[in-house]
2 protein chains.
Amino acid sequence: MEDYYKKTKHLVAVDCVIFGYKKEQLHLLLYPRGFEPAKGKWSLMGGFLQDKESSDDSARRILKSTTGLMDVYLEQVAFFTNPLRDKAARVISLVYYALLKEDKYDETLVREHGAHWWPVNKLPDFIFDHEEMVRKSMEKLQLKASINLVGIELLPEMFTLQQLRNLYEAIFQKKLDPGNFRKKLLSTDMFEKLNIKNTKASKKGAYYYRVKVTSQNKSFDRLMKF
Amino acid sequence: MEDYYKKTKHLVAVDCVIFGYKKEQLHLLLYPRGFEPAKGKWSLMGGFLQDKESSDDSARRILKSTTGLMDVYLEQVAFFTNPLRDKAARVISLVYYALLKEDKYDETLVREHGAHWWPVNKLPDFIFDHEEMVRKSMEKLQLKASINLVGIELLPEMFTLQQLRNLYEAIFQKKLDPGNFRKKLLSTDMFEKLNIKNTKASKKGAYYYRVKVTSQNKSFDRLMKF
DNA sequence: GCAAAAGTGTTGGCTATACACCCATGT
DNA sequence: ACATGGGTGTATAGCCAACACTTTTGC
């Protein structure tokens, strides 16, 4: 066990499942693979883990270089280690998902990489095992959204309950009852009602809310079911 | 990205948090570190990921060599990548937890490795970040026990509801109401009542149950709260 | 006035928890 | 007979889904 130098070393990749919320739909930022094998299929943003770099730092470096964003919410998803998963070489993959605030990223930088936003309900063909990575990320995100409020990470600072509901509908890919959703979320006492109304979405106008500073990273009291 | 050969390679360890259920308490199989650094502290069972070996296979190889067991329930927990986590060298760790059936493992083999079973409520000092690995494993196990029946993996084929309740009490580290537990679990219709009684634990004797074959890997209908 | 979204209220069913109570039996 | 765990029943509280209903306002 102490003979570290005798052991096989491996290439370690960090792949990021980047969620963004655009046009009331959850999207993934993907880029097309330009070379064989699997040319033309779509791929997650990834890179190799470097010397003296934690995988968290690595993921942040990848996100910085592809979206320009520094402070991004990151969560571990899983590791993928099948020796044949990458046809070109034996590569271990460490997978994260990331949540990007609407329109805060650098669109030019994104385009530079040939990247494209795909709605999660109409995804293209993926290379290798990236489809499974995405599936597991969705499951993790849904679990997280049941325990914590994900509004902070994906919505602007001020939002109506309708916008928040749309976000949750996008995450769980199903319609939610407006009245019940409203009562459920407000019962957590995590929101602050503002004296401003959004009159764009309806004639009556809906009040904007803000997440209370004190409950930034708080859990719901119980596991919410959506 | 295609220049695989230029990238840094890393040592990749697979560490196993081995849960066993002994004497009505959840235990962890740990072994003492016999060399510096961190000599005398306790460590998870681990080994290095080899060439052409998936981390699942690697974990199974480690479990086979330390407990003699072939078919063990395994679940991914997380990866640990802090560059300074192992003082001797930069090592990525992939962590699994394993569930060992009571008394099915090879006690001689276990002793050979100097390993020791520690009850989860009185654990020793760990090396490096192994304590966090254990904590995350406990959380994952509790989550799993809320979604699936873990009795199959940790109990003998035949068990009384009292034994099952003790197991759940050990997993969640709290007392559960006997009557309510019974009703909750039986309501899932995953059990088959046998015509045999266990008369050791009580005078009246409790019927043995068995998990129905059809519901081996089934989920509870809802998330159970214990 | 009407449509459409905002927001409130009501109801029935299910689940969790606490706990009372009877059953069977070894000592 | 009584203590002990096995097993059943009941009462209460809280949550959730469905849906009726009221409010506001632009057209």
Side-chain angles (χ1 to χ4, degrees), chain A residues 24 142 145-147 149 151 155 158-169 171-210 219-226, chain B residues 23-24 142-143 145-149 151 155 158-210 219-226:
Chain A
E24 317 215 320
Q142 289 180 354
S146 309
I147 296 167
L149 183 68
L155 288 176
M158 263 175 28
F159 48 85
T160 63
L161 283 166
Q162 138 107 283
Q163 289 175 308
L164 186 61
R165 177 165 51 82
N166 283 337
L167 171 60
Y168 268 77
E169 288 177 345
I171 290 173
F172 289 96
Q173 291 286 303
K174 67 174 177 191
K175 286 280 161 207
L176 301 171
D177 182 282
N180 293 338
F181 182 83
R182 163 187 207 79
K183 274 175 292 180
K184 197 185 289 198
L185 272 288
L186 287 184
S187 77
T188 63
D189 195 40
M190 294 169 93
F191 301 92
E192 192 178 344
K193 189 180 191 171
L194 304 179
N195 263 325
I196 316 165
K197 276 194 170 186
N198 174 344
T199 47
K200 296 220 173 81
S202 80
K203 293 153 191 179
K204 185 177 174 186
Y207 281 105
Y208 277 113
Y209 286 80
R210 187 165 59 185
S219 294
F220 294 141
D221 293 336
R222 60 189 180 287
L223 195 87
M224 292 267 187
K225 205 179 143 198
F226 291 102
Chain B
K23 306 214 175 101
E24 317 215 319
Q142 288 180 355
L143 184 63
S146 307
I147 296 167
N148 297 113
L149 183 69
L155 288 176
M158 265 175 27
F159 49 86
T160 63
L161 283 166
Q162 137 107 282
Q163 288 174 308
L164 185 62
R165 176 167 50 84
N166 284 336
L167 171 60
Y168 268 76
E169 288 177 345
I171 290 173
F172 290 94
Q173 291 287 305
K174 67 173 178 191
K175 286 281 160 204
L176 301 171
D177 182 281
N180 293 338
F181 181 84
R182 160 187 210 80
K183 272 176 292 182
K184 195 185 289 199
L185 272 286
L186 287 183
S187 78
T188 63
D189 195 41
M190 294 169 93
F191 301 92
E192 192 178 345
K193 189 181 191 170
L194 304 178
N195 262 324
I196 316 165
K197 276 193 171 187
N198 174 343
T199 47
K200 296 220 174 81
S202 80
K203 291 152 192 179
K204 183 177 176 184
Y207 281 105
Y208 277 113
Y209 286 80
R210 187 165 58 186
S219 294
F220 295 141
D221 293 335
R222 61 187 179 287
L223 194 87
M224 292 268 185
K225 207 178 142 199
F226 290 103

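Chain letters run A, B, ... following the sequence lines, proteins first and then strands; every chain starts at 1. Values below: every heavy atom of this structure, side chains too, minus hydrogens, waters and symmetry copies.
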Return the minimal non-hydrogen interatomic distance between [X] and [Y], and the atom names on each side.
X: A:Ser187; Y: A:Arg222; result: OG-NH2, 4.2 Å
X: B:Ala145; Y: B:Phe226; result: O-CE1, 3.6 Å
X: B:Leu194; Y: B:Tyr207; result: O-CD2, 3.3 Å

What is the distance from [atom1] of [X] to [atom2] of [N], rounded to the nearest Å?
X: B:Leu186; N: D:dT8; atom1: CG; atom2: P; answer: 8 Å
X: B:Leu176; N: C:dA16; atom1: CG; atom2: C1'; answer: 12 Å
X: A:Met224; N: D:dA17; atom1: CE; atom2: C1'; answer: 15 Å
X: B:Phe220; N: C:dA16; atom1: CZ; atom2: C1'; answer: 15 Å
X: A:Leu185; N: C:dA6; atom1: CG; atom2: C1'; answer: 15 Å
X: B:Leu223; N: C:dT15; atom1: CG; atom2: C1'; answer: 12 Å
X: B:Lys174; N: C:dA16; atom1: NZ; atom2: P; answer: 12 Å
X: B:Lys175; N: C:dA18; atom1: NZ; atom2: C1'; answer: 17 Å

NZ (B:Lys197) with more than 12 external heavy atoms under 6.0 Å
yes
In 5'-to-3' order, the base (B), backbone-only (S) or no-contact (-) status of each nucleotide in nucleotides 19-27 of chain D, using a 4.0 angstrom heavy-atom cut-off, is B---BBBB-
So, do A:Phe181 and A:Tyr168 have ring centers that fall under 6.0 Å from each other?
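Aromatic pair counts; centres sit under 6.0 Å.
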A:Phe220 six-ring centre to A:Lys184 NZ/CZ under 6.0 Å and within 45° of normal
no
Ion pair present between A:Lys175 and A:Glu169, side-chain N to carboxylate O less than 4.0 angstrom?
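Yes, this pair counts.
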Output for pair (A:Arg165 CZ, A:Asn180 CG), nearest 0.5 Å, gives 10.5 Å
Rounded to the nearest 0.5 Å, what's the gap from CG on B:Asp177 to NZ on B:Lys183? Could you check?
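Answer for the CG-NZ pair, B:Asp177 versus B:Lys183, is 7.5 Å.
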[N], OP1 or OP2 - any side-chain N/O from [X] closer than 4.0 Å?
X: B:Arg222; N: C:dA16; answer: yes
X: B:Arg182; N: D:dT8; answer: yes
X: A:Gln162; N: C:dA5; answer: no

How about B:Thr188 and B:Met224: do any of their side-chain heavy atoms sit closer than 4.5 Å?
yes
Working for side-chain contact (heavy atoms from CB on, under 4.5 Å), residues B:Leu155 and B:Leu167:
CA-CA 8 Å; B:Leu155 288 176; B:Leu167 171 60; 3.8 Å; yes
If you apply the rule side-chain contact (heavy atoms from CB on, under 4.5 Å), what do you find for B:Tyr208 with B:Asn195, and how did you get there?
CA-CA 7 Å; B:Tyr208 277 113; B:Asn195 262 324; over 6 Å; no
Could you write out each protein N or O paired with an N or O of nucleotides 11-14 of chain D at a distance under 3.5 Å?
none

Report the end-to-end axis angle of the helix from C:dG1-D:dC27 to C:dT27-D:dA1; each axis comes from five terminal pairs, and the value is rounded to 10°.
20°
Choose from D:dG7, C:dT8, D:dA17 the nucleotide whose nearest atom is closest to any side-chain atom of A:Lys225.
D:dA17
